[in-house]
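The residues of the chain are indexed from 1 along the displayed sequence. Computed from a prediction, not measured in an experiment: that's the story for all the values here.
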Amino acid sequence: MNVMVCARESSGERARQEGFAVADSKTAFFEQSDVLSLHLRLVDATRHIVTAADLARMKPTALLVNTSRAALVEPGALVRGCRRAGQDLRPSTCTSRSR
């Protein structure tokens with residue numbers, strides 16, 4: 001598996017030193033990745049860092065895994081992206097059980 005990092009300059013340099021590929025740009029990262037996994041703290045600089053335009057650049061078969069906070073993704077961007085890709089957005093069949 002090839003791992004590509006999209007990071008600030010200092011983190012990107014550290015990733016290079018450890019042998020990882022570093023994306024030339026955020027655009028390239030979203031266009032080239034098969035699986036994108038978000039590992040970011042939620043701070044003002046990262047709030048809504050993933051936009052609808054970013055999601056539109058993803059391969060049709062790519063996966064987005066957000067291991068962090070929902071607010072990293074622009075409000076409504078996932079729904080718009082899924083609709084654009086023709087994904088089914090019916091309510092989940094999962095149910096919660098209250099005690």
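Side-chain atoms of Thr27 and Arg57, non-hydrogen and from C-beta on, do get closer than 4.5 Å to each other. Counting heavy atoms from C-beta on, the side chains of Arg14 and Glu18 come closer than 4.5 Å. Looking only at side-chain heavy atoms (C-beta outward), Asp34 and Lys59 come within less than 4.5 Å of each other. A 4.5 Å side-chain heavy-atom check between Leu36 and Met58 finds at least one atom pair inside the cut-off. The shortest side-chain heavy-atom distance between Ser33 and Met4 falls under the 4.5 Å cut-off. No side-chain heavy atom of Val73 sits under 4.5 Å from any side-chain heavy atom of His48.
At a threshold of 4.5 Å between side-chain heavy atoms, the hydrophobic network of Ile, Leu, Val, Met, Phe, Trp and Tyr places Phe29 and Val22 in two separate groups. Under the 4.5 Å side-chain contact rule for hydrophobic residues, Leu38 and Leu78 share a cluster. At a threshold of 4.5 Å between side-chain heavy atoms, the hydrophobic network of Ile, Leu, Val, Met, Phe, Trp and Tyr places Leu64 and Leu42 in one connected group. Hydrophobic clustering (side-chain heavy atoms under 4.5 Å, transitive across Ile, Leu, Val, Met, Phe, Trp, Tyr) keeps Leu55 apart from Leu63.
Under the 4.0 Å criterion applied to side-chain N and carboxylate O atoms, Arg80 and Glu74 are assigned as salt-bridge partners.
For Thr46 (side chain) and Ile49 (main-chain N/O), no donor-acceptor pair under 3.5 Å exists by modelled atom type.
A pairwise comparison of heavy atoms in Asp54 and Phe30 identifies O-CD2, 3.4 Å as the closest pair. Contact between Ala52 and Ala77 at its shortest, heavy atoms only, is N-CB, 3.6 Å. Looking at every heavy atom in both residues, Ala28 comes nearest to Ser25 through N-OG, 3.0 Å.
Atom NE2 of residue His39 and atom CG of residue Asn66 lie 9.0 Å apart, to the nearest 0.5 angstrom.
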